[in-house]
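Along the sequence shown, the residues carry numbers beginning at 1. Note that the coordinates shown come from a computational prediction; the quantities given were computed from them, not determined experimentally.
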Amino acid sequence: QVQLVESGGGLVQAGGSLRLSCAASGRTFSTSAMGWFRQALGKGREFVAGLTSTDGMTWVADSVKGRFTISTDNAKNMVFLQMNSLRPEDTAVYYCAAAVTMTSLTKFAWNNTWGQGTQVTVSS
């Protein structure tokens with residue numbers, strides 16, 4: 001089993017930046033895909049960004065492309081989400097997720113391993 005712990009959320013003004021971190025522990029060798037989802041109040045959980053540790057490929061949702069970057073430190077079993085040019089519509093709880101493959105991460109999200117979430121609030 002994999003455990004995920006997020007950190008780095010907070011309150012920021014529009015146009016500002018935040019960096020989220022996700023520390024993975026446990027059976028991390030069983031997952032090759034990690035990513036970030038978010039859930040705004042009253043809305044469903046949506047995919048934000050993901051990567052595969054086997055080949056370093058990354059995916060970013062169109063809504064955050066050019067503003068958010070996902071990266072990893074494999075040696076430390078950590079995944080990061082650098083968020084720049086933040087907008088009020090980016091306000092949400094951000095969740096770190098892990099799965100065996102990227103397809104699993106995005107198409108079968110109900111089966112992901114999830115962190116507890118971290119709140120990001122962007123004020124206008």
Side-chain angles (χ1 to χ4, degrees):
Q1 195 170 2
V2 176
Q3 293 80 41
L4 305 173
V5 178
E6 304 100 330
S7 61
L11 173 64
V12 65
Q13 288 188 331
S17 298
L18 281 175
R19 188 191 194 210
L20 305 184
S21 300
C22 174
S25 60
R27 297 170 62 91
T28 57
F29 57 84
S30 65
T31 61
S32 67
M34 293 190 69
W36 293 91
F37 290 70
R38 67 185 181 185
Q39 187 166 17
L41 195 63
K43 297 187 177 181
R45 194 168 296 189
E46 65 171 348
F47 173 78
V48 175
L51 58 81
T52 47
S53 60
T54 50
D55 54 15
M57 288 191 67
T58 62
W59 290 260
V60 180
D62 288 342
S63 58
V64 303
K65 195 165 292 183
R67 300 187 298 122
F68 291 12
T69 303
I70 187 170
S71 62
T72 183
D73 183 336
N74 286 328
K76 296 181 179 180
N77 291 323
M78 296 193 71
V79 176
F80 307 98
L81 185 68
Q82 179 65 43
M83 305 185 294
N84 299 327
S85 302
L86 283 161
R87 304 167 180 170
E89 54 263 40
D90 295 318
T91 295
V93 178
Y94 283 70
Y95 296 91
C96 181
V100 177
T101 66
M102 184 56 63
T103 298
S104 298
L105 190 78
T106 56
K107 303 299 184 186
F108 305 102
W110 55 269
N111 202 36
N112 289 346
T113 297
W114 297 98
Q116 82 285 355
T118 185
Q119 177 71 46
V120 172
T121 303
V122 185
S123 63
S124 56

Of all the heavy-atom pairs spanning G16 and V12, show the shortest one and how long it is.
CA-CG2, 3.8 Å

Looking at every heavy atom in both Q119 and T121, which two are closest together, and how far apart are they?
NE2-OG1, 3.3 Å

Would you find a donor on one side and an acceptor on the other, under 3.5 Å apart, between the side chain of N112 and the backbone of W114?
no

Report yes or no: do L18 and V60 belong to one cluster of Ile/Leu/Val/Met/Phe/Trp/Tyr joined by side chain heavy-atom distances under 4.5 Å?
yes

Could you tell me whether the side chain of Q1 and the main chain of R27 form a donor-acceptor pair under 3.5 Å?
no

Drop me the distance from Q3's CD to C96's SG, to the nearest 0.5 angstrom.
12.0 Å

A side-chain contact here means heavy atoms from C-beta on lying under 4.5 Å apart; do M34 and S53 qualify?
no

Taking 4.0 angstrom as the limit, do D90 and R87 come out as a salt bridge?
no

Any donor and acceptor pair, going by atom type alone, linking the side chain of T31 with main-chain N or O of A99 inside 3.5 Å?
no

Under a 3.5 Å distance rule, please check whether E46 uses its side chain to pair with a backbone N or O of R38 as donor and acceptor.
no

Shortest non-hydrogen contact between N84 and Q82, atoms and distance
OD1-NE2, 2.9 Å

Do you know the tightest heavy-atom contact between C22 and W36?
CB-CZ2, 3.6 Å

Interatomic distance, D73 atom CG to M78 atom CE [nearest 0.5 angstrom]
7.5 Å

Are V48 and M102 linked, directly or through other ILVMFWY residues, by side chains that come within less than 4.5 angstrom of each other?
no

Which heavy atom in A33 sits nearest to a heavy atom in L105, and how many Å separate them?
O-CD1, 4.2 Å

How would you list all residue pairs meeting ring pair (Phe, Tyr, Trp, His ring centres under 6.0 Å) that involve residues 71-97, not counting sequence neighbours?
none

Spacing of OG1 belonging to T69 relative to CG belonging to L51, to within rounding of 0.5 Å
11.5 Å

Does a side-chain heavy-atom distance below 4.5 Å link Q116 with E6?
yes

Heavy-atom pair with the smallest gap, counting every atom of L20 and G9:
CD2-N, 3.6 Å

Taking the side chain as every heavy atom from C-beta outward, state whether I70 and W59 have any pair of such atoms under 4.5 Å apart.
no

Hey, quick one: are F37 and M57 part of the same hydrophobic cluster, counting side-chain heavy atoms closer than 4.5 Å, chains of contacts allowed?
yes

